[in-house]
Amino acid sequence: LRAAFAGEIGRLDGMGNHHGPHLANRESICFAWHGWGGFSLRLGRTTLTVDPGFSPPGTYGPWHTPNRNAPGYDEYFAKFRPDYLLITHGHFDHFDIETVRRVEAGAHPTFIASRAAVDVLAGQIGVERERLLALEPGEGADLPASLPASLPASLPASLPASLPANQPFRVLAYQGVHWMTGEEGDIAARKMARPDRYGVMPCGGPMLQYILQTCLGHIYISGDTLLQ
């Protein structure tokens, strides 16, 4: 997991216990790691979860190796009910479809993901389209917005000025580099679409890296992208 933060930072451990700036202080960004590439952020009163993978043994077939650091669902929901859930790409350790199904049932967040992932969220999990924000590399949105705005596909040399305090954040999506994504991932996902491989690769689509531009600072989320 690689994540870069700018601003005053607090920390939440895996159980959601707080260390650092007080959560009531809106000038704090608090972080909790959930194992693998999954984590939650609290930005003032807004909660966001990225790539959760909590499925216990037996959820999938013999191929599945569970996340040893995952919280239990009761523990997770006691501390986190995300307003937003981001998915970076379609591999099982970042798009755990059964975990996402449980989070959808327990919290009904707005999902931010590629169009390929959004189609799975709508078609297989039944998430309402009004809570699905599909982004491709070079697109972004002010949240809670329903339509993305066109942005340059390359990372900007400098980020725009911070948002006002009453705007939770702006999300910007960029092309990442990772094996079995893009066209290669589309082919692999089609091959994995069989009962004995359920959950291995819910979708193809791009490797998305994100920048969250918030009134509390800027946050970079790499997913599994290769940093060059």
Side-chain angles (χ1 to χ4, degrees), residues 1-3 34 36-39 48-55 60 63-64 67 82 84-104 109-141 143 145-155 170-212 219-228:
L1 172 67
R2 298 178 295 272
H34 301 314
W36 287 351
F39 60 94
L48 179 146
T49 294
V50 177
D51 290 350
F54 308 156
S55 290
Y60 301 107
W63 61 266
H64 181 238
N67 173 6
Y84 301 100
L85 192 151
L86 269 72
I87 296 170
T88 60
H89 61 292
H91 299 174
F92 79 90
D93 54 341
H94 290 260
F95 187 0
D96 179 342
I97 191 167
E98 291 304 316
T99 291
V100 170
R101 194 186 303 276
R102 291 286 296 269
V103 175
E104 158 62 9
T110 293
F111 292 86
I112 304 166
S114 69
R115 289 183 176 86
V118 159
D119 286 345
V120 172
L121 291 166
Q124 295 191 33
I125 298 179
V127 181
E128 298 94 339
R129 286 285 177 179
E130 57 265 27
R131 288 192 290 109
L132 294 172
L133 176 58
L135 295 178
E136 294 297 303
E139 295 179 342
L143 298 177
S146 58
L147 296 175
S150 179
L151 293 167
S154 60
L155 290 169
R170 177 178 297 143
V171 59
L172 314 177
Y174 296 94
Q175 181 66 59
V177 179
H178 189 38
W179 69 293
M180 291 291 182
T181 59
E183 292 184 8
E184 182 183 42
D186 294 339
I187 294 170
R190 288 194 293 270
K191 290 181 177 179
M192 295 292 179
R194 61 188 209 226
D196 64 323
R197 288 290 184 265
Y198 172 72
V200 172
M201 199 167 172
C203 69
M207 168 67 246
L208 291 182
Q209 51 186 333
Y210 297 100
I211 287 179
L212 305 181
I219 302 168
Y220 168 61
I221 298 170
S222 69
D224 271 349
T225 197
L226 176 64
L227 298 181
Q228 296 176 327

Does [X] reach the side chain of [Y], with side-chain heavy atoms less than 4.5 Å apart?
X    : Y    : result
Y210 : L208 : yes
S55  : H64  : yes
T225 : Q175 : no
L85  : L48  : no
V100 : F111 : yes
V171 : Y84  : no
Y174 : P137 : no
I221 : L86  : yes

Practice problem: Could you check whether the rings of H91 and H178 sit parallel, tilted or perpendicular, using 30° and 60° as the cut-offs? | Solution: tilted

Quiz item: Given N67 and D93, is the side chain to side chain contact (heavy atoms under 4.5 Å, CB included) satisfied, shown in steps?
Solution: CA-CA 8 Å; N67 173 6; D93 54 341; over 6 Å; no

Quiz prompt | Pair D196 + K191, salt bridge at N-O below 4.0 Å | solution = no

Exercise. Decide, yes or no, whether a salt bridge links R101 with E98 under the criterion of side-chain N to carboxylate O below 4.0 Å.
Key: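 Result for this pair is yes, salt bridge flagged.
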
As an exercise, state the distance from [atom1] of [X] to [atom2] of [Y], rounded to the nearest 0.5 Å.
X    : Y    : atom1 : atom2 : answer
M192 : C203 : CE    : SG    : 13.5 Å
H89  : H94  : NE2   : NE2   : 4.0 Å
T110 : L133 : OG1   : CG    : 8.0 Å
I87  : T49  : CD1   : OG1   : 11.0 Å
D96  : D51  : CG    : CG    : 10.0 Å
L121 : I97  : CG    : CD1   : 7.5 Å

Practice problem: Apply salt bridge (Lys or Arg N to Asp or Glu O under 4.0 Å) to R115 and D186, showing your working. | Solution: CA-CA 12 Å; R115 289 183 176 86; D186 294 339; over 6 Å; no

Quiz item: Given the rule in the side chain to side chain contact (heavy atoms under 4.5 Å, CB included) test, do E184 and I187 qualify, once you have shown the distances and angles that lead to the verdict?
Solution: CA-CA 5 Å; E184 182 183 42; I187 294 170; 5.9 Å; no

Quiz prompt | M207/T88 under side chain to side chain contact (heavy atoms under 4.5 Å, CB included): CA gap, chis, key distance, verdict | solution = CA-CA 6 Å; M207 168 67 246; T88 60; 3.8 Å; yes

For the residue pair [X] and [Y], what are the closest heavy atoms and their distance?
X    : Y    : answer
P202 : G90  : CD-O, 3.0 Å
T99  : P52  : CG2-O, 3.7 Å
E136 : P206 : OE1-CG, 3.6 Å
P82  : P109 : O-CB, 3.3 Å

Exercise. Establish, yes or no, whether a centroid distance under 6.0 Å links the rings of H34 and F54.
Key: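 Yes, they do, as the ring centres are separated by less than 6.0 Å.
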
Practice problem: Apply side chain to side chain contact (heavy atoms under 4.5 Å, CB included) to D224 and T181, showing your working. | Solution: CA-CA 11 Å; D224 271 349; T181 59; over 6 Å; no

Quiz prompt | Any donor-acceptor pair under 3.5 Å from Q209 side chain to A173 backbone | solution =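 No, Q209 side chain to A173 backbone: no donor-acceptor pair under 3.5 Å.
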
Quiz prompt | Residues that F92 engages under ring-ring contact (aromatic ring centres under 6.0 Å, His included), provided they are two or more places apart | solution = W36, W63

